[in-house]
Amino acid sequence: MSGDFPKNAEEARLDRDTTREELSETLEALGQKLDVKTRVKENVDEKLDQATAKVAEVTNEPTAVKFRQGADVVRSNPLPIFAGVLGLLIVIRLILRRRNDS
């Protein structure tokens, strides 16, 4: 198509179908860019892969596998981990406060 107005019904159908395909591709690309949750998940997966590779370089492969398994457990159920860390911080603060009062 040269960008001119279609001369017959067949050209109009081809133009319509081409436009639909282009719009569909554009909408799909926009949808992927706007899907922040999936993009963040992919970014975290990439960073975890990099960290696992570095752990494997410094230690050994079984340790790297355990590291990745632990990271996956935390990602799948972060609330108990967050609560445990928060509790630990509160206990440390109470201990430090008592030491300073003495």
Side-chain angles (χ1 to χ4, degrees):
M1 300 241 100
S2 61
D4 296 331
F5 193 78
K7 294 182 179 23
N8 58 37
E10 185 59 33
E11 283 185 12
R13 281 188 209 96
L14 287 173
D15 186 43
R16 178 197 64 200
D17 293 342
T18 302
T19 302
R20 281 184 179 169
E21 282 183 36
E22 291 171 354
L23 283 173
S24 179
E25 290 171 6
T26 302
L27 286 174
E28 187 175 322
L30 282 172
Q32 289 174 351
K33 286 188 177 203
L34 293 174
D35 190 3
V36 175
K37 186 176 182 179
T38 301
R39 289 177 59 202
V40 167
K41 184 179 183 297
E42 290 170 354
N43 192 11
V44 169
D45 285 338
E46 181 182 319
K47 299 295 182 191
L48 273 174
D49 290 341
Q50 292 172 1
T52 303
K54 287 188 181 191
V55 168
E57 287 175 12
V58 174
T59 61
N60 55 23
E61 191 64 30
T63 304
V65 170
K66 291 284 185 189
F67 169 79
R68 182 59 190 241
Q69 289 171 345
D72 289 340
V73 167
V74 170
R75 284 184 63 207
S76 67
N77 200 4
L79 188 60
I81 303 298
F82 175 74
V85 169
L86 182 63
L88 181 63
L89 290 173
I90 290 170
V91 168
I92 290 172
R93 178 151 168 92
L94 289 173
I95 290 171
L96 291 175
R97 187 181 271 180
R98 285 191 182 184
R99 282 189 180 174
N100 289 337
D101 289 343
S102 306

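Throughout, residue positions are numbered sequentially from 1 according to the sequence presented.
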Do Lys41 and Lys37 have side-chain heavy atoms sitting under 4.5 Å apart?
no

Is the backbone of Leu14 close enough, under 3.5 Å, to the side chain of Thr18 for a donor and an acceptor to pair up by distance?
yes

I'd like to know if the side chain of Thr63 pairs up with that of Asn60 as donor and acceptor (distance under 3.5 Å, no hydrogens or angles considered).
yes

Mind checking whether Arg98 and Leu94 have side chains closer than 4.5 Å, heavy atoms only?
no

With the 4.5 Å side-chain cut-off for hydrophobic clustering, are Val44 and Val36 part of the same group?
yes

From CA spacing to verdict: salt bridge (charged side-chain N to carboxylate O under 4.0 Å, His left out), Glu57, Lys54
CA-CA 5 Å; Glu57 287 175 12; Lys54 287 188 181 191; over 6 Å; no

Please find the pair of heavy atoms, one from Ala71 and one from Leu48, that lie closest to each other, and give the distance.
CB-CD2, 3.5 Å

Got a second to check how far Arg99's CZ is from Asp101's CG, nearest 0.5 Å?
12.5 Å

Here the gap from Glu22 atom CD to Glu25 atom CD, rounded to the nearest 0.5 Å, amounts to 7.5 Å

Steps toward salt bridge (charged side-chain N to carboxylate O under 4.0 Å, His left out) verdict (Asp35, Arg39)
CA-CA 6 Å; Asp35 190 3; Arg39 289 177 59 202; over 6 Å; no

Pairwise distance OG1(Thr52) to CD(Glu61) - rounded to 0.5 angstrom
9.0 Å

Examine Leu34 and Val40 and state if one hydrophobic cluster contains both, with Ile, Leu, Val, Met, Phe, Trp and Tyr joined whenever side-chain heavy atoms are less than 4.5 Å apart.
no

Spatial distance of atom CZ (Arg13) from atom CZ (Arg20) [nearest 0.5 Å]
11.5 Å

Do Leu96 and Leu88 share a hydrophobic cluster (ILVMFWY, side-chain heavy atoms under 4.5 Å, transitive)?
yes

